[in-house]
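The sequence lines fix the lettering, A, B, ..., with proteins before strands; numbering per chain opens at 1.
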There are 2 protein chains.
Amino acid sequence: MPQPYDPAAFPSVAVTVDLVVLTVRAGRLAVLLVERGEAPHRGRLALPGGFLRPDEDLPAAAARELAEETGLPHDCVHLEQLATYGTPGRDPRMRVVTICYLALAPDLPSPVAGTDAASASFVPVDDALAAALAFDHDRLLRDGLERARAKLEYTPLAAAFCPEEFTVAELRRVYEAVWGTPLDPRNFHRKVTGADGFLEPTGHSTTRDGGRPAQLYRRGPARTLHPSMPRSTGDPHPG
Amino acid sequence: MPQPYDPAAFPSVAVTVDLVVLTVRAGRLAVLLVERGEAPHRGRLALPGGFLRPDEDLPAAAARELAEETGLPHDCVHLEQLATYGTPGRDPRMRVVTICYLALAPDLPSPVAGTDAASASFVPVDDALAAALAFDHDRLLRDGLERARAKLEYTPLAAAFCPEEFTVAELRRVYEAVWGTPLDPRNFHRKVTGADGFLEPTGHSTTRDGGRPAQLYRRGPARTLHPSMPRSTGDPHPG
DNA sequence: GTAATAGTGTCTCTCAGACATTATGAG
DNA sequence: CTCATAATGTCTGAGAGACACTATTAC
């Protein structure tokens with residue numbers, strides 16, 4: 001800011017915080033959407049979001065919106081800033097700058113009534129992309145998907161889609177849903193159980209997947225994966 | 001945005017665009033800083049930046065600030081959005097939301113006088129971090145460094161620090177400066193020349209590094225690196 | 001028993017890391 | 001010649017992908 005400035009001399013900009021909330025439901029990646037009740041884009045599907053409050057920090061605003069829309073306990077949801085969108089005209093009413101957050105949540109057993117969640121619902125991402133969303137939310141969603149897909153490669157964040165205790169197969173289905181590719185169960189098992197700090201055994205087991213009982217794990221302390229989860233490039237053995 | 005809203009009912013927020021401009025100079029990673037001429041933080045070093053203009057897109061604002069501060073032709077500078085910062089109180093005068101951009105530039109032969117560049121200068125990042133910057137710009141800088149270090153791993157962006165034509169050794173020195181670790185010149189050479197779309201031979205060569213003449217390359221069309229540039233983990237052969 | 005899934009072992013190819021060796025300039 | 005750097009080759013070990021094989025449940 002080299003030159004002196006007068007804040008009042010600059011026109012005001014509305015600042016909103018929107019959310020791309022992803023979960024895996026019935027083996028498919030899904031995103032939380034609301035139906036718009038008023039113009040513009042009345043009746044269209046949109047990402048949840050709202051205005052930044054005067055004395056509210058950005059992550060706090062995102063967490064508040066998330067709680068309003070899902071009622072989820074926010075200690076089990078991963079929340080990170082995605083990107084900021086401010087192209088003039090993206091909202092026809094006024095200049096709006098939107099800070100978009102990405103949330104990864106386990107599949108909620110009950111959508112928690114009595115909140116704004118009534119109007120919000122999870123939609124498979126393929127359907128969401130096929131039906132054009134309001135504003136530039138298609139782009140926000142695509143950017144969120146790209147981020148989520150990338151993060152699954154080099155972080156243990158896939159576990160954020162799973163309940164407190166989960167099996168290796170459940171974790172594998174998360175990867176398959178997010179990446180849209182089948183993974184070899186045996187190589188996957190060897191990989192994740194060998195990765196340091198990814199999974200912590202609970203000692204329990206379950207047969208909820210059928211077949212031989214599977215060990216239950218919870219999230220380990222690792223924040224990154226070394227080496228990363230290999231995302232099948234479709235070109236496994238070039239040459 | 002579930003409930004109807006009146007934009008005027010929400011207090012205005014000032015929106016600025018700041019820049020983390022990195023370059024490699026004399027083998028050291030350096031960041032562009034300006035000295036603040038007025039309060040608050042008068043006399044302290046800060047990242048360059050300024051207000052978002054009424055009808056200006058975010059990348060356009062970042063490019064404008066970059067041109068004002070460096071005079072660089074913006075077709076040779078990589079520019080990407082880094083993150084957005086909006087904690088209440090980060091600017092004592094008013095509520096400011098700052099969208100920070102990261103720029104990677106080659107070392108400019110002449111700092112181009114006659115612009116705001118007069119007040120801006122490149123400072124080695126170690127020095128910049130040692131001398132506390134104005135506002136929360138230390139955090140912006142650290143986030144920018146982290147992004148740059150990560151991007152060098154899985155993209156060919158290191159070439160953005162190099163002039164139009166460059167040698168493999170010059171590219172290696174970029175990695176060494178950004179990561180702060182020495183790399184084996186022979187393995188590095190084999191790696192980058194073997195990576196598809198990273199480098200395009202120009203047919204020219206130079207002896208500006210001394211010793212045997214080195215081939216000159218320009219940036220190739222690749223946007224990502226598969227497999228990524230291995231950043232020495234300091235724990236090369238665990239076990 | 002069969003069916004289904006969990007989990008282990010084995011082989012091959014690629015690639016990272018270490019380092020020898022040769023090539024080509026300047027002085 | 002020496003010195004410096006470029007460029008290539010060779011060996012070893014880690015890990016990915018493919019897939020055989022064994023283990024433990026439900027029926």
Side-chain angles (χ1 to χ4, degrees), chain A residues 27 152-154 162 165-176 179 181-196 198-199 201-217 222 224-239, chain B residues 27 152-154 162 165-176 179 181-196 198-217 224-239:
Chain A
L152 257 58
E153 291 189 39
Y154 61 95
C162 295
E165 298 195 348
F166 54 92
T167 67
V168 172
E170 285 163 354
L171 187 65
R172 176 169 46 82
R173 281 190 283 271
V174 166
Y175 276 93
E176 292 176 331
W179 286 349
T181 16
L183 297 173
D184 185 290
R186 299 158 294 185
N187 291 335
F188 182 85
H189 188 283
R190 176 163 44 81
K191 172 73 183 176
V192 296
T193 54
D196 228 53
F198 196 164
L199 300 180
T202 64
H204 313 148
S205 64
T206 180
T207 59
R208 62 189 178 217
D209 289 317
R212 171 175 168 178
Q215 296 292 323
L216 283 167
Y217 298 88
T224 58
L225 246 45
H226 288 296
S228 61
M229 268 303 284
R231 183 174 175 178
S232 204
T233 58
D235 190 10
H237 279 276
Chain B
L152 257 57
E153 291 189 38
Y154 61 94
C162 295
E165 299 195 347
F166 54 93
T167 67
V168 172
E170 285 162 355
L171 187 65
R172 176 169 47 83
R173 281 189 283 272
V174 166
Y175 276 93
E176 292 176 332
W179 286 349
T181 21
L183 297 174
D184 185 291
R186 298 157 296 184
N187 292 335
F188 183 85
H189 188 282
R190 174 163 44 82
K191 173 73 182 175
V192 295
T193 54
D196 229 53
F198 196 165
L199 300 180
E200 283 195 340
T202 63
H204 313 148
S205 64
T206 180
T207 58
R208 62 190 177 216
D209 288 318
R212 173 175 167 178
Q215 296 291 323
L216 283 166
Y217 297 87
T224 58
L225 246 44
H226 288 295
S228 61
M229 268 303 285
R231 183 172 172 179
S232 204
T233 57
D235 191 12
H237 279 274

Proximal nucleotide (of D:dT25, D:dA7, C:dA18) relative to the A:P213 side chain: D:dT25
Rounded interatomic separation in angstrom, taking CZ from B:F188 and P from D:dT8: 14 Å
Check: B:R212 side chain, C:dA23 base, donor-acceptor under 3.5 Å: yes
Quiz item: A:R186 side-chain donor-acceptor pair to D:dA20 base, under 3.5 Å: yes
Gap between atoms NE2 and P, on A:H226 and C:dG17 respectively (whole Å): 12 Å
Ionic contact status for A:D184 with A:R190, cut-off 4.0 Å: no
Pairwise 5' ranking along DNA chain C for B:P230 and B:T207, keeping only the more 5' one: B:P230
B:N187 CG - D:dT10 P separation (whole Å): 15 Å
Spacing of CD belonging to A:Q215 relative to NE2 belonging to A:H204, to within rounding of 0.5 Å: 10.5 Å
Interatomic spacing from NZ in A:K191 to OH in A:Y175 - rounded to 0.5 Å: 9.0 Å
Below 4.0 Å: OP1/OP2 of D:dA6 and any side-chain N or O of B:H189: no
Heavy-atom pair of closest approach, residues B:R208 and B:T167: NH2-N, 4.3 Å
Atom-to-atom span, CG of A:L183 to C1' of D:dA18 - whole angstrom: 14 Å
Rounded distance (Å) that lies between atom P of D:dG15 and atom CD of A:E153: 17 Å
Sugar-phosphate, base or nothing in reach of A:T206, heavy atoms under 4.0 Å: nothing
Of the listed nucleotides C:dC19, D:dA18, D:dA6, the one nearest the side chain of B:R172: D:dA6
Nearest listed nucleotide, side chain of A:P227, among D:dG15, D:dA6, C:dT10: D:dG15
Phosphate OP1/OP2 of D:dG15 contacted by A:K191 side-chain N/O (<4.0 Å): no
Interatomic distance where CZ belongs to B:R208 and C1' belongs to C:dA26 [whole Å]: 17 Å
Whichever of A:G211 and A:R190 has its nearest DNA chain D nucleotide further upstream toward 5': A:R190
Whole-Å gap separating C1' (C:dT10) and CG (A:D184): 14 Å
Distance-minimising heavy-atom pair for A:T193 and A:Y217: CG2-OH, 3.9 Å
Integer-rounded Å distance: D:dT24 P and A:Q215 CD: 11 Å
Donor-acceptor pair present, B:D209 side chain and D:dA4 base, under 3.5 Å: no
